[in-house]
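Read the structure below first, then the notes.
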Amino acid sequence: MKRKTLNILTISAIITTIGFLMDGDMKEPSMTMRFTEFFAMMTMLFLAISAIYLPVNSLTKRLQRIQN
């Protein structure tokens, strides 16, 4: 479970970094606000991906056990 969580966190960080670099809006002058926005977006992506991936993965494992 730790490896899956780390992989999801890595994917979230990569997507957030790409989105942050591609953002065309004016950047906040405060570094604290920039880090807050970055980590808030990464957390939201992590929760969204986890909410989709983990139940689907669990369901497929259960279905494979039933099939065998």
Side-chain angles (χ1 to χ4, degrees):
M1 188 66 156
K2 290 181 183 180
R3 183 177 172 127
K4 290 179 188 177
T5 305
L6 185 62
N7 287 343
I8 293 171
L9 184 65
T10 304
I11 291 168
S12 300
I14 290 169
I15 293 172
T16 302
T17 303
I18 291 169
F20 193 73
L21 293 174
M22 291 180 66
D23 187 17
D25 294 341
M26 292 291 296
K27 300 293 183 216
E28 292 287 331
S30 169
M31 285 301 288
T32 306
M33 192 61 185
R34 286 186 191 183
F35 282 116
T36 303
E37 287 178 353
F38 181 83
F39 287 115
M41 183 58 69
M42 190 169 68
T43 303
M44 287 187 284
L45 280 171
F46 176 78
L47 292 174
I49 293 170
S50 296
I52 295 170
Y53 176 75
L54 294 176
V56 168
N57 189 29
S58 176
L59 180 65
T60 52
K61 282 186 178 182
R62 285 184 187 172
L63 289 175
Q64 285 177 353
R65 276 190 230 146
I66 292 171
Q67 189 179 17
N68 291 331

(Q) Is any side-chain heavy atom of K2 closer than 4.5 Å to one of L6? (A) no
Show me the donor-acceptor pairs, under 3.5 Å and distance only, between side chains in residues 34-51 and residues at least two apart or in other chains.
| from | atom 1 | to | atom 2 | distance (Å) |
| --- | --- | --- | --- | --- |
| R34 | NE | E28 | O | 2.9 |
| R34 | NH2 | E28 | O | 3.3 |
| T36 | OG1 | T32 | O | 2.7 |
| T43 | OG1 | F39 | O | 2.7 |
| S50 | OG | F46 | O | 2.8 |

Q. Any link between I11 and L9 through a network of hydrophobic side chains (Ile, Leu, Val, Met, Phe, Trp, Tyr) touching at under 4.5 Å?
A. yes
(Q) Side-chain heavy atoms under 4.5 Å apart, restricted to Ile/Leu/Val/Met/Phe/Trp/Tyr: what other residues fall into the cluster of M33, or is it alone? (A) none
Q) Mind checking who shares a hydrophobic cluster with M22, ILVMFWY linked at side-chain heavy-atom distances under 4.5 Å? A) I14, I18
Q: Report the residues that fulfil side-chain contact (heavy atoms from CB on, under 4.5 Å) with N57, sequence neighbours left out, ordered by chain and then residue number.
A: K4, Y53, T60, K61
Q.
Could you list the cluster mates of L59? Members are the ILVMFWY residues connected by side-chain heavy atoms closer than 4.5 Å, either directly or through other members.
A. L63
